[in-house]
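Throughout, a chain's letter reflects where its sequence line sits, starting with A, and its residues are numbered from 1. Treat the numbers as computed from the prediction; the structure is a model and nothing was measured. The figures that follow rest on heavy atoms only: side chains count, while hydrogens, waters and symmetry mates do not.
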Amino acid sequence: MSVEPEVPIVQVEEVRENPVLYKIISSDNHVFTISEHAVKLSKTLWDLITNLGLTAENALDNPIPVENVNGKNMETIVQFCERHKYDEEEPEYTNYIREFVLPEWDRQLLSIDNEELFQLILATNYLDIQKLMDYCCRVIGDMAKDKTPEELRIIYGIPTDAEDDALERSASDSPGPSG
Amino acid sequence: MHNFFRKLSIRARSPPAPKKKSSANNMLKKNSSGLLRFIRNNDKPDEEPTFDMPMHLMIQVIDRMPFFEQIRQSRVCKEIKEHIEEKYSKIKKLELRKRDINEACASDDAFERHSKAYVAVKIEKDTACVVIDDAWVVADFYVFLVNFDFELVQKDSPEFELSESVSQSDFKLLDFVRVATKKPVITQSDLKISEF
């Protein structure tokens, strides 16, 4: 009869967990802590961290101010990045159809007011988080599916081609700074 | 001749496209009351737009819509139309298959089916794979003969099969899809195309 050796059970999450943490300050001075794996999902933040030369030793002493994103959106973004930090790397963005199923957790996260969703998409675009951008666009795209192009034009404040031409004409007709 | 084509055409008896599960939409509608309220509010045409969406973001949203929806939304404005046309102008190869459309869509999730026409599309790199339903008959194929330089391959008489791989420098996917999703009306004197 063999006896199983007593091996301590180590959770996979513990092994993968990276101790390096960064602090981010939103435009309304809320402070968020985010792990290195999670922050890498944002190209903007990761470029900033790399350029600032933040390391494991000095990361928490040097909070990163993000002036364009408020606390509410930053909270959603941090939750999203922490949730997806170990996901497989996304294929390079091509603007052809890339079908995917929006996971239930993310659907719940993005079940927010339209105005908030719009602000979140702006923040996501600024922070350059491809996966979150995909998901936000999918949610907006689903909302737009049953709308006519005319309705979309109104909802998103897009001028008609005629209005656009008229605006361009009036801009070119108006006198320049020199008078 | 007119009746001959009509008898051949069984498209009118074909079953409607199965509805996709719309639980996501239902949930979103609950959360998009502002959007719906805005749409329904016809008394205040001068109301501010719900979002002031920058064009580059609008284009990103449209890029992530289903293929046929992108074509529909290309009517929103000139910029979006130009973007969609430019994007799909890079597709120069076409694989056209005639088979049971339900079967084709069930066997490959990448196929996206038109809501009314019996056409499904899948895009991979520079190739568009288009499936037209078995219900398409000789009259329907004439649309392609008139509009595109395709050859019909007659396999098992009297049914025509179309299974062509096309690679043309002047091939335009969007034009092709627009024609494919229009219903041909055969008259005695000529071939006309009218929208569904």
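A:Ile25 and A:Ile77 sit in two unconnected hydrophobic clusters of ILVMFWY residues. Membership requires side-chain heavy atoms under 4.5 Å apart, directly or through other members. If you chain together hydrophobic residues whose side chains sit under 4.5 Å apart, A:Val78 and A:Trp105 fall into the same group. A continuous path of hydrophobic side-chain contacts links A:Leu117 to A:Leu102 [ILVMFWY only; heavy atoms under 4.5 Å].
Taking the side chain as every heavy atom from C-beta outward, A:Leu122 and B:Pro54 approach each other to under 4.5 Å. B:Val61 places none of its side-chain heavy atoms less than 4.5 Å from the side chain of A:Arg138.
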Could you list the donor-acceptor pairs under 3.5 angstrom formed by side chains in residues 47-54 of chain A, with sequence neighbours left out?
| unit_1 | atom_1 | unit_2 | atom_2 | d |
| --- | --- | --- | --- | --- |
| A:Thr50 | OG1 | A:Trp46 | O | 2.6 |
| A:Asn51 | ND2 | A:Asp47 | O | 3.1 |

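Judged as a side-chain hydrogen bond (donor to acceptor under 3.5 Å, both in side chains), and not counting sequence neighbours, the contacts of A:Glu116 are A:Lys72.
The CD1 atom of B:Ile62 sits 11.0 Å away from atom CD1 of A:Ile140, with the distance rounded to the nearest 0.5 Å. Here CG of B:Leu57 is found 10.5 Å from SG of A:Cys136. Values are rounded to the nearest 0.5 Å. Here the CD atom belonging to A:Glu150 is positioned 6.5 Å from the CZ atom belonging to B:Arg75, to the nearest 0.5 angstrom.
A donor-acceptor pair is defined here as one N or O able to donate and one able to accept, closer than 3.5 Å; no such pair exists between the side chain of B:Glu69 and the backbone of A:Asp142.
Considering all non-hydrogen atoms of both residues, B:Gln73 and A:Thr148 come closest at OE1-C, 4.4 Å. The shortest non-hydrogen separation linking B:Arg64 to A:Gln130 is NH2-O, 4.5 Å.
No more than 12 heavy atoms of other residues, nucleotides or ligands shown are found within 6.0 angstrom of NZ on A:Lys23.
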